[in-house]
Amino acid sequence: MTNGKKVVQCVPNFSEGRDLRKIDAILEVFRGKEEVKLLDYNCNKSYNRTVAVVIGEPKKVAEAMLEAMERAVFLIDMRVHEGQYPRMGALDVVPFIPIRNMSMLEAIKISRDFAKKAGKKFNIPIFLYGNSATRPERQDICEIRKSEYEGMAQKIKRPEWEPDFGPKVINVTAGVTGVGARMPYVGLLINLDTKDKIIGKNIARSINFADGGLRFCRAISLYREDKEKIQIVIDLTNFNNTNLYSVFEIIKFEIKRYGISIVDTEISGIVSMDVLIDTAVYYLQINNFSRDKILENRLME
């Protein structure tokens with residue numbers, strides 16, 4: 001991929017994190033394709049969810065996503081799906097993210113074209129979200145997903161929740177899918193040394209924007225059975241305006257009242273280098289730091 005080419009990132013979330021044969025069959029679609037690259041993927045057994053990171057030429061990525069969706073729809077049966085993470089479909093969400101030489105408007109067009117094709121081809125209700133949303137209340141994927149798979153059949157009967165594309169009735173085995181365009185997120189997982197779900201919910205609410213917390217911050221609390229601990233799952237939807245270290249400092253402050261501590265943290269998916277640099281600069285209290293001091297940046301000049 002040369003510097004002049006357009007590059008989009010896609011981060012599909014599949015509702016399967018336990019059956020490796022199914023996961024491999026779905027992700028195999030992205031391997032060996034010209035101008036498409038599978039950068040990363042994470043399978044979570046507790047969440048029963050796999051999140052992949054794919055980049056490439058926009059049209060090629062969209063075509064590959066249609067293939068991956070076809071396999072997901074065939075292999076995943078939402079009637080028997082269970083996991084700790086909220087979900088509404090076999091292919092739960094498909095965000096398109098402009099990375100290089102393309103605008104958000106172009107990403108929105110790609111997402112809407114994909115949504116229209118997917119809804120018709122797979123007979124699945126499609127909701128547009130993020131920057132692609134057709135209504136303000138649909139910008140946040142969490143609002144769309146609130147009813148989850150089990151409640152979606154009734155939800156989409158309401159006029160205000162009519163799908164943007166596809167049928168107006170739920171696909172019984174594949175559920176519904178959210179498709180949108182957005183900027184890159186920062187995903188942070190904070191593991192706490194407690195099993196108390198109420199404590200976890202209170203801590204998540206302290207930073208979750210919808211509950212009066214930080215702007216551009218989404219947070220939920222889940223009990224990780226594999227870790228036997230509460231995990232705070234955080235998405236920063238605009239890390240330039242709400243930085244990672246601010247979120248972390250508030251969590252550190254909040255847990256003191258409960259007498260618990262942070263066991264460790266994890267970065268979910270792939271993160272921008274700027275996010276980690278800003279965090280390091282903050283905690284090391286570096287004055288007048290310049291990106292010119294980074295060796296790798298100088299080598300690329």
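Worth saying up front: this structure is predicted, and the values here are computed from it rather than measured. Values reported hereafter were calculated over all heavy atoms of this structure, with side chains retained and with hydrogens, waters and symmetry mates removed.
Between Pro95 and Pro12 the shortest heavy-atom distance is CD-N, 4.3 Å. Between Ile250 and Ser206, the shortest heavy-atom contact is CG2-OG, 4.3 Å. Contact between Arg224 and Gln84 at its shortest, heavy atoms only, is CA-OE1, 3.7 Å. Of all non-hydrogen atoms in Glu106 and Asn101, the two that sit nearest each other are OE1-O, 4.2 Å. Residues Glu225 and Ser46 approach most closely at N-OG, 3.7 Å, considering heavy atoms. Closest heavy-atom contact between Pro98 and Val8: N-CG2, 4.4 Å.
Between Tyr283 and Phe248, the angle of the ring planes goes over 60°, which puts this pair in the perpendicular group of the 30/60° scheme.
A side-chain contact (heavy atoms from CB on, under 4.5 Å) with Met273 holds for exactly one of Val275, Ile277, Leu276, Val271; it is Ile277.
Linking Ile, Leu, Val, Met, Phe, Trp and Tyr residues whenever their side-chain heavy atoms come within less than 4.5 Å places Phe127 and Leu66 in a single cluster. Under the 4.5 Å side-chain heavy-atom criterion for Ile, Leu, Val, Met, Phe, Trp and Tyr, Ile267 and Ile262 are members of the same hydrophobic cluster.
Between Asn171 atom CG and Thr177 atom OG1 the span is 8.5 Å, to the nearest 0.5 Å. A distance of 10.5 Å separates CD1 in Ile141 from CD in Glu143, rounded to the nearest 0.5 Å. The distance from the OG1 atom of Thr134 to the CD atom of Glu162 is 10.0 Å, given to the nearest 0.5 Å. Between the OG atom of Ser261 and the CG atom of Leu192 there is a distance of 8.0 Å, given to the nearest 0.5 Å. Atoms CD and CD1, on Glu249 and Ile207 in that order, are 12.5 Å from each other to the nearest 0.5 Å. Note that the OH atom of Tyr41 and the CG atom of Leu27 stand 6.5 Å from one another [nearest 0.5 Å].
Using modelled atom types, no side-chain atom of Thr265 and backbone atom of Ile190 make a donor-acceptor pair closer than 3.5 Å. Under a 3.5 Å cut-off, the side chain of Asp211 and the backbone N or O of Gly213 do not form any donor-acceptor pair. Using modelled atom types, one side-chain atom of Tyr149 and one backbone atom of Val172 make a donor-acceptor pair closer than 3.5 Å.
Ion pairing of Glu28 with Arg31 is present here, as a side-chain N (NZ or NE/NH1/NH2) and a carboxylate O approach within less than 4.0 Å. Taking a cutoff of 4.0 Å between a charged side-chain nitrogen and a carboxylate oxygen, Asp113 and Lys109 qualify as a salt bridge. Under the 4.0 Å criterion applied to side-chain N and carboxylate O atoms, Asp164 and Lys116 are not assigned as salt-bridge partners. Checked for salt-bridge contact, Asp226 and Arg18 miss the test: no charged N lies under 4.0 Å from a carboxylate O. Here Arg87 pairs with Glu150 in a salt bridge; the nearest charged N to carboxylate O distance falls below 4.0 Å. Salt bridge present: Glu67 and Lys33 bring a charged side-chain N and a carboxylate O closer than 4.0 Å. In this structure, Glu148 does not pair ionically with Arg145, as no charged nitrogen and carboxylate oxygen lie closer than 4.0 Å. Salt bridge Lys227/Glu266: present, at least one basic N to carboxylate O contact under 4.0 Å.
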Between Val36 and Val54, is the side-chain contact (heavy atoms from CB on, under 4.5 Å) condition met? List the steps. CA-CA 7 Å; Val36 175; Val54 181; 3.7 Å; yes
side-chain hydrogen bond (donor to acceptor under 3.5 Å, both in side chains) evaluation trace for Asp92 with Ser15: CA-CA 6 Å; Asp92 199 55; Ser15 294; 4.5 Å; no
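Within the 4.5 Å cutoff, side-chain heavy atoms of Lys121 are placed close to those of Glu70. Counting heavy atoms from C-beta on, the side chains of Glu228 and Lys195 come closer than 4.5 Å. Inter-residue side-chain proximity for Tyr47 and Leu222 is flagged as met; some heavy-atom pair is nearer than 4.5 Å.
Between Phe209 and Phe216, the ring center distance fails the sub-6.0 Å criterion.
Taking the ring-ring contact (aromatic ring centres under 6.0 Å, His included) definition, one finds that Tyr245 meets it with Tyr282, sequence neighbours left out. Under the side chain to side chain donor-acceptor pair (under 3.5 Å) criterion, Gln154 pairs with no residue at all, not counting sequence neighbours.
Within 6.0 Å of the CD atom in Glu160, the count of heavy atoms belonging to other residues, nucleotides or ligands exceeds 12.
By the 6.0 Å and 45° rule, Arg182 stacks over the aromatic ring of Tyr185.
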